[in-house]
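Structure first, then comments.
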Amino acid sequence: MADPKGFLNHGREVAQTRPVGERVQDWNEVYVPGSLLPIISKQASRCMDCGIPFCHNGCPLGNLIPEWNDYAYREDWSAASERLHATNNFPEFTGRLCPAPCEAACVLGINQPAVTIKNVEVSIIDKAWDTNDVKPQAPERLSGKTVAVIGSGPAGLAAAQQLTRAGHTVAVYERADRIGGLLRYGIPEFKMEKRHINRRIEQMRAEGTKFRTGVEIGRDIDAAKLRRRYDAVVIAAGSTTSRDLPVPGRELKGVYQAMEYLPLANKVQEGDYVTTPVSAEGKHVVVIGGGDTGADCVGTAHRQGAASVTQLEIMPKPGDDRAPHQPWPTFPMLYKVTSAHEEGGERVYAVSTTHFEGDEDGNVQFLHLVEVEFIDGKLTQKPGTERKLPAQLVTLAMGFTGTDRDNGLVDQFALDLDERGNVARDAEFQTNVPGVFVAGDAGRGQSLIVWAIAEGRSAARGVDRFLTGASDLPAPIRPTDRALTV
């Protein structure tokens, strides 16, 4: 145990962010570089090393949180990194992007602010990179078996790394021009600089993983032919079909899906464009959807110089404290102020868009909305609450409905789907097609990065057993596991 009285002697301190006026002028990460190390030992000491550490239950990866908290407290960064990597291939991703269900399940959080688990995690891995403790782990011998991984998001990368280290020859196919999936083009640079992806890719290359970019399975390569070329296939193509908003005026210019808008901004940071083809500069921007993707759109619009930014959410405003029906250790729906919201804009709750209004050239100019409420579980409009907002750029950030069906991948493999439209799989993450497995959002549906990595690791075990008859790879979750809810 780090410090038996740590949680009594020290309050919660989180990473320091740069001033708003400074950070909206660039695309660097919002946190002050190096601000965590001076405080992280005390923060790690707040961990109580519980007899039953519920943070393990909150995290689908089963991260050994009390163990690496203890090492971080003692500033034994090498040992902390080893414990961190024992369960998580990419802690620098989760330490920056995960909403931390582990903190929601922290026992200290029953009556105090929880341990800053995310901040400890990211401090350990950043220190590990700085001290060259993160090294390639090439397999001792090759199995002679080949695996194709479709998709290079966190699930695909985790599966690929695990299988490569198990001795299989792995090739990752990515339809975009760069590796990373939504980590690359869906997550803005100010939330995670892409250098973190790049150095993991180089580590994986050194271990033996092969990468094929600009290749879409189903269009560029027939899925059935791919299956014949490899001993096994892992589908980690994500849940990329965006939920649409079928209201009058949807066809107007200036109304985009979030995943049409955000990647273009990221491509500017990659050097592909000097300026983005879809910019918020000088425009009144409305973001429809109150989740993390919506917040990403808000922060992007701020940096592009929007005249105003308004974010709409159909649900009522959450409370600041746990509701009685969301007790510890479940993950509660709380009012969350992200770094993007700190930068300005307005958030409007319990409203629904009725239609868009355009000018004579077909450009969106206004968004019409109405207040809504739930009556007997049914969403109902409140008469007399109609109004309109100026809107020259609208982004739809309302989530995703399933994996891509238009490229032919599902049909060419002849995959079965579940009742939610996700690719069905058995207890080993195998689909109805022998040797074809599915991991991540393609099988689970839209979820969190930490679940995606857990899925990739678990599916890798299923593939390894299929290829060799047995496996020592860890499987932190089952396909049917879900976050703890009420």
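Residue numbers run from 1 in the order of the sequence given. These numbers come from a predicted model, not from an experiment.
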Just checking Glu281: does its CD atom have more than 12 heavy atoms from other residues, nucleotides or ligands closer to it than 6.0 angstrom? no
Review item, side-chain donor-acceptor pairs of residues 156-164, under 3.5 Å, at least two apart:
residue: Gln161; atom: OE1; partner: Asn89; partner atom: ND2; Å: 2.8
residue: Gln161; atom: NE2; partner: Gln203; partner atom: OE1; Å: 3.1
residue: Gln161; atom: NE2; partner: Glu207; partner atom: OE1; Å: 3.3
residue: Gln162; atom: OE1; partner: Asn89; partner atom: ND2; Å: 3.1
residue: Thr164; atom: OG1; partner: Ala160; partner atom: O; Å: 2.8
residue: Thr164; atom: OG1; partner: Thr209; partner atom: OG1; Å: 2.7

Checking Leu183 against Leu97 for the side chain to side chain contact (heavy atoms under 4.5 Å, CB included) test, could you report, in this order, the C-alpha distance in whole Å, the side-chain angles of both residues, the deciding distance, and whether it holds? CA-CA 9 Å; Leu183 291 173; Leu97 303 176; 3.6 Å; yes
Intermediate values then yes/no, side chain to side chain contact (heavy atoms under 4.5 Å, CB included), Glu193 and Asn28: CA-CA 7 Å; Glu193 295 170 8; Asn28 300 329; 3.7 Å; yes
Donor-acceptor under 3.5 Å (Asp244 side chain, Pro246 main chain): no
Quick check: does any side chain N or O of Arg243 sit under 3.5 Å from a backbone N or O of Met398, one acting as donor and the other as acceptor? yes
Is the count of non-hydrogen atoms from other residues, nucleotides or ligands lying under 6.0 Å from Lys194 atom NZ greater than 12? yes
Give a yes-or-no answer on whether the side chains of Glu216 and Asn407 include a donor-acceptor pair shorter than 3.5 Å. yes
I'd like to know if the side chain of Gln311 pairs up with that of His341 as donor and acceptor (distance under 3.5 Å, no hydrogens or angles considered). yes
Test your reading of the model: is there a side-chain donor-acceptor pair from Gln365 to the backbone of Asp359, 3.5 Å cut-off? no
Donor-acceptor under 3.5 Å (Asn63 side chain, Ile65 main chain): no
Using a 3.5 Å cut-off and no angle test, enumerate the donor-acceptor pairs between side-chain atoms of residues 413-420 and protein atoms at least two apart in sequence or in another chain.
residue: Asp418; atom: OD1; partner: Arg420; partner atom: N; Å: 2.9
residue: Asp418; atom: OD1; partner: Gly421; partner atom: N; Å: 3.0
residue: Asp418; atom: OD1; partner: Asn422; partner atom: N; Å: 2.9

Do Ser239 side-chain atoms and Gly402 backbone N/O form a donor-acceptor pair below 3.5 Å? yes
Between Glu202 and Arg205, does any NZ, NE, NH1 or NH2 come within less than 4.0 Å of an OD or OE carboxylate oxygen? yes
Between Gln304 and Tyr261, do the side chains contain an N or O donor and an N or O acceptor separated by less than 3.5 Å? yes
Kindly say whether Ser279 contributes a backbone atom to a donor-acceptor pair with the side chain of Lys283 at under 3.5 angstrom? yes
Checking the side chain of Lys145 only, and the main-chain atoms of Thr468 only, is there a donor and an acceptor separated by less than 3.5 Å? no
Verify, without hydrogens or angle tests, whether Lys253 (side chain) and Asp361 (backbone) share a donor-acceptor contact under 3.5 angstrom. yes
Return yes if a side-chain donor-acceptor contact under 3.5 Å exists between Arg178 and Tyr185, otherwise no. yes
Would you say the side-chain atoms of Glu29 pair up with the backbone N or O of Phe190, donor to acceptor, closer than 3.5 Å? no
Between Arg461 and Glu428, does at least one N-O distance fall below 4.0 Å, as a salt bridge requires? no
Arg175 and Asp404 ion-paired at < 4.0 Å: yes
Arg227: side-chain hydrogen bond (donor to acceptor under 3.5 Å, both in side chains) partners, not counting sequence neighbours: none
Donor-acceptor side-chain pairing of His168 and Asp464 below 3.5 angstrom: yes
Is the closest side-chain donor-acceptor distance between Thr338 and Asp292 under 3.5 Å? no
Counting distance only, does the side-chain N/O of His85 pair as donor-acceptor with the main-chain N or O of Glu82 below 3.5 Å? no
Is a salt bridge present between Glu174 and Arg184, judged by a nitrogen-to-oxygen distance below 4.0 Å? no
Residue Arg195 excluded, over 12 heavy atoms near CZ under 6.0 Å: yes
Does the side chain to side chain contact (heavy atoms under 4.5 Å, CB included) test come out yes or no for Arg425 and Glu455, once each step is laid out? CA-CA 12 Å; Arg425 65 269 183 94; Glu455 287 247 343; 2.8 Å; yes
